[in-house]
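Values in this document were obtained by computation on a predicted structure and should not be read as measured data. These numbers come from the heavy atoms of this one structure, side chains and all, not from hydrogens, waters or symmetry mates.
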Amino acid sequence: QLQASGGGLVQAGGSLTLSCVASGTVYSIGVMGWYRQAPGMGRELVATITTNINTYYADSVKGRFTVSRDVVKVNAKNTMYLRMSSLRPEDTAVYYCSAGYGQIERPTMDYWGQGTLVTVSS
């Protein structure tokens, strides 16, 4: 119900856009978000967005990443994007899209997509 794509290898300072398609019962869910997990580290929240297009960003990505969301009601699909600019080697991680409810800064995510790997070379 959540399908993420768009990861790849990019040089430091470059840009990359991730996409996540939500379908079925997930498409109209309240909060969608991106998380990431670097090698040997825990999973951390990157950005979230609500159906009202309120957004939240982790301090580490604020000003460099932009989350957005398109809802197409006719086919019950909802696509979330993460536009990443000025990428740094420390942004290297597996990025996961998710969906759930609750506070935008600390949502409860009930649905997870498969991860997509982003590698930033120095």
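For Tyr57, there are no ring-ring contact (aromatic ring centres under 6.0 Å, His included) partners at least two apart in sequence or on another chain. Under the side-chain contact (heavy atoms from CB on, under 4.5 Å) criterion, Thr50 pairs with Val31, Asn52, Asn54, Ile104, sequence neighbours left out. For Thr17, the side chain to side chain donor-acceptor pair (under 3.5 Å) partners at least two apart in sequence or on another chain are Arg83.
Across Ser121 and Leu9, no two heavy atoms sit closer than the pair CB-CD1, 4.3 Å. Closest heavy-atom contact between Ala4 and Thr116: CB-CG2, 4.5 Å. Taking every heavy atom of both residues into account, Met80 and Cys97 meet most closely at CE-CB, 3.8 Å. When every heavy atom of Ser122 is checked against every heavy atom of Pro89, the shortest pair comes out as CB-CG, 3.9 Å.
No donor-acceptor distance shorter than 3.5 angstrom exists from the side chain of Arg106 to the backbone of Gly102, with no hydrogens or angles considered.
Between Tyr95 and Arg36, the side chains place a donor N or O and an acceptor N or O closer than 3.5 Å (distance only, hydrogens not considered).
Atoms OG and CG, on Ser85 and Leu16 in that order, are 9.5 Å from each other to the nearest 0.5 Å. Taking CG of Asp110 as the start and CD1 of Ile29 as the end, the distance is 6.0 Å to the nearest 0.5 Å.
At a threshold of 4.5 Å between side-chain heavy atoms, the hydrophobic network of Ile, Leu, Val, Met, Phe, Trp and Tyr places Tyr56 and Phe65 in two separate groups. Residues Leu45 and Val118 fall into different hydrophobic clusters, defined by Ile, Leu, Val, Met, Phe, Trp and Tyr side chains chained together at heavy-atom separations under 4.5 Å.
Between Arg88 and Asp91 there is no salt bridge, since no side-chain N of the basic residue sits under 4.0 Å from a carboxylate O of the acidic one.
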- Item | CA sep, side-chain torsions, deciding dist, call: Thr79, Arg69, side-chain contact (heavy atoms from CB on, under 4.5 Å) | CA-CA 6 Å; Thr79 304; Arg69 184 172 177 176; over 6 Å; no
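Aromatic rings of Tyr35 and Trp112 (six-membered ring for Trp) have centroids within the 6.0 Å cut-off, being under it.
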